[in-house]
Amino acid sequence: MYRSILLDRTMSCTIIVGGFFGDEGKGKIVAHIAHQDRPSIISRGGVGPNAGHTVRIGEKEYGVRMVPSGFVYPEASLMIGSGVLVDPRVFLQEVEQVGVRDRIFVDGRCGVIEEDHIARDKGSDHLSKKIGSTGTGCGPANSDRVLRTSRQAKDVPELADFITDVAEDVNCALDDNEVVLLEGTQGFGISLYFGTYPFVTSKDTSASQIAADNGVGPTRIDDVIVVFKAYPTRVGEGPFSTEMTMERSHELGIEEFGTVTHRQRRIGTWDGKMARYSAMINGCTQAAITGIDRVDPACFGATEYGQLTKTARDFIAQAERDIGKPVTLISTGPEMSQIIDLRSEL
Ligand code: IMP
Ligand code: MG
């Protein structure tokens with residue numbers, strides 16, 4: 001297993017989660033932190049393949065749904081924690097597509113998504129129409145898991161090469177003073193427990209759940225980085241208090257489409273109240289803000305705080321007052337290098 005070359009590095013376990021309704025740009029934040037902090041393991045929590053993350057490699061664009069988005073950092077072992085649902089077809093196809101066969105592992109206890117779960121998700125008016133599910137089978141698979149009728153990853157021969165005990169691997173890495181990143185998916189607002197029920201996903205999405213998905217106890221978590229989007233978005237149905245009209249988002253030049261469903265995302269303005277509540281329940285220690293270049297296009301590509309305009313700095317100051325924790329990562333564009341990292345100033 002990869003070991004940090006920095007001998008003075010102490011054990012650290014960081015959780016990265018979405019603070020609004022998903023698609024906050026967690027993948028980019030994970031990629032940046034991974035290249036800076038050199039984790040030995042990047043492990044995924046979250047629901048399953050309903051979440052998507054778009055990655056550009058050269059000219060090609062991939063939407064990863066099972067492989068942790070931290071795969072772009074080549075030195076880490078990649079894992080999927082036991083709380084996550086695995087769709088073996090999606091998993092195997094992505095593993096080949098992004099070339100991570102030799103360093104990706106799946107907990108044997110992960111629940112398995114079958115064709116039947118997908119049919120039940122897409123075929124249910126309640127799930128596909130009223131809730132606006134992603135149609136990936138996650139809801140029905142989690143329900144079978146709760147009924148204790150579903151298969152586990154260890155029962156699937158095609159996954160045999162990848163099976164491990166993620167909880168054990170992650171805890172041992174922490175014992176050895178290695179750096180571990182736990183990657184959340186989706187966002188706080190679609191948490192089954194804390195979100196806008198019933199317009200939510202089939203599991204909690206908060207930081208505690210991401211720790212539990214990976215078998216990491218709360219006392220072992222050092223940092224929780226909650227990622228907020230300057231202009232939050234939501235896909236699917238459900239309340240969205242700061243939603244703007246389509247006309248307004250066009251005026252602002254903001255248009256987004258879902259990675260998994262290709263549905264157009266609804267766009268809203270900053271929601272300070274939700275940011276505060278989300279930071280509280282996630283146990284946020286530091287926040288990341290993505291899309292600051294939408295607040296002021298003059299900030300596009302900035303890598304130093306001093307390059308930010310007053311408009312952008314005022315926005316961040318207000319966000320810090322709302323969240324009640326420092327904003328230490330500010331994303332200024334889609335490239336991994338387009339980021340301001342203030343973590344060392346804490
Ligand atoms: P499900 O998780 O596929 O059952 O979908 C339930 C709700 O959560 C729908 O409104 C989806 O659009 C939303 N949802 C699920 N996964 C994601 C995600 O990764 N990003 C954004 N919304 C999601
Ligand atoms: Mg997404």
Side-chain angles (χ1 to χ4, degrees), residues 16-31 44-56 61-71 83-87 90 94 111 113 117-146 183-206 209-210 213 227-229 231-240 243 256-268 274 278 288 290-291 331 334:
I16 296 138
V17 286
F20 285 140
F21 295 98
D23 309 302
E24 295 90 354
K26 294 176 289 294
K28 183 210 163 147
I29 300 295
V30 171
R44 239 201 80 171
V47 184
N50 47 355
H53 172 65
T54 311
V55 190
R56 271 170 219 90
E61 212 174 76
Y62 304 103
V64 286
R65 295 161 53 193
M66 292 266 45
V67 171
S69 58
F71 83 88
V84 180
L85 295 164
V86 173
D87 183 328
V90 176
E94 281 181 15
I113 297 180
H117 294 131
I118 297 171
R120 278 155 62 194
D121 198 353
K122 289 183 175 159
S124 151
D125 277 358
H126 174 71
L127 293 176
S128 73
K129 297 214 175 77
K130 185 182 174 204
I131 309 297
S133 82
T134 58
T136 49
C138 291
N142 265 338
S143 105
D144 277 359
R145 202 177 190 189
V146 171
E183 196 179 297
T185 60
Q186 284 109 353
F188 177 77
I190 61 167
S191 161
L192 179 63
Y193 298 167
F194 305 108
T196 53
Y197 187 91
F199 303 100
V200 293
T201 192
S202 53
K203 212 169 91 182
D204 179 27
T205 54
S206 73
Q209 179 69 66
I210 303 307
D213 285 342
V227 185
F228 295 98
K229 219 172 177 174
Y231 286 99
T233 59
R234 174 160 203 171
V235 264
E237 302 307 312
F240 186 4
E243 185 169 12
E256 289 187 27
F257 294 88
T259 313
V260 179
T261 58
H262 309 293
R263 285 180 294 188
Q264 186 153 13
R265 293 180 185 148
R266 300 154 65 191
I267 318 265
M274 180 174 180
S278 166
T290 59
S331 174

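Numbers for residues simply follow the sequence, beginning at 1. In listed order, ligands and their atoms are each counted from 1. Quick caveat: nothing in here was measured; it's all calculated off a predicted structure.
With sequence neighbours left out, Asp121 forms a side-chain hydrogen bond (donor to acceptor under 3.5 Å, both in side chains) with Ser133. Lys229 meets the side-chain hydrogen bond (donor to acceptor under 3.5 Å, both in side chains) test with Thr233, Glu256; sequence neighbours excluded.
For the residue pair Gln186 and Asp23, no side-chain donor N or O sits within less than 3.5 Å of a side-chain acceptor on the partner. A side-chain donor-acceptor contact under 3.5 Å links Lys28 and Ser331.
Residues Lys203 and Asp213 are paired through a salt bridge, judged by an N-O separation under 4.0 Å between the basic side chain and the carboxylate.
Protein atoms that are N, O or S and lie under 2.8 Å from the Mg ion (ligand 2) are these: Asp23 OD1, Gly52 O.
The backbone N or O of Asp204 sits nowhere less than 3.5 Å from a side-chain atom of Ser191 that would complete a donor-acceptor pair. With hydrogens and angles disregarded, no donor-acceptor distance shorter than 3.5 Å links the side chain of Glu243 to the backbone of Arg266. Between the side chain of Arg234 and the backbone N or O of Pro239, at least one donor-acceptor pair lies under 3.5 Å.
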List, pair by pair, the atoms of ligand 1 and of the protein that are both N or O and lie under 3.5 Å apart, giving the separation rounded to 0.1 Å.
residue  : atom   : partner : partner atom : Å
ligand 1 : 2 (O)  : Asn50   : ND2          : 2.8
ligand 1 : 2 (O)  : Thr201  : OG1          : 2.6
ligand 1 : 3 (O)  : Thr134  : N            : 2.8
ligand 1 : 3 (O)  : Thr134  : OG1          : 2.6
ligand 1 : 10 (O) : Ile131  : O            : 3.4
ligand 1 : 10 (O) : Val235  : O            : 3.3
ligand 1 : 12 (O) : Gly132  : O            : 3.4
ligand 1 : 12 (O) : Val235  : O            : 3.0
ligand 1 : 12 (O) : Arg263  : NH2          : 3.0
ligand 1 : 16 (N) : Gln186  : NE2          : 3.3
ligand 1 : 20 (N) : Asp23   : OD2          : 3.2

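Taking the six-membered ring for Trp and the full ring otherwise, the centers of Phe20 and Phe228 sit less than 6.0 Å from each other.
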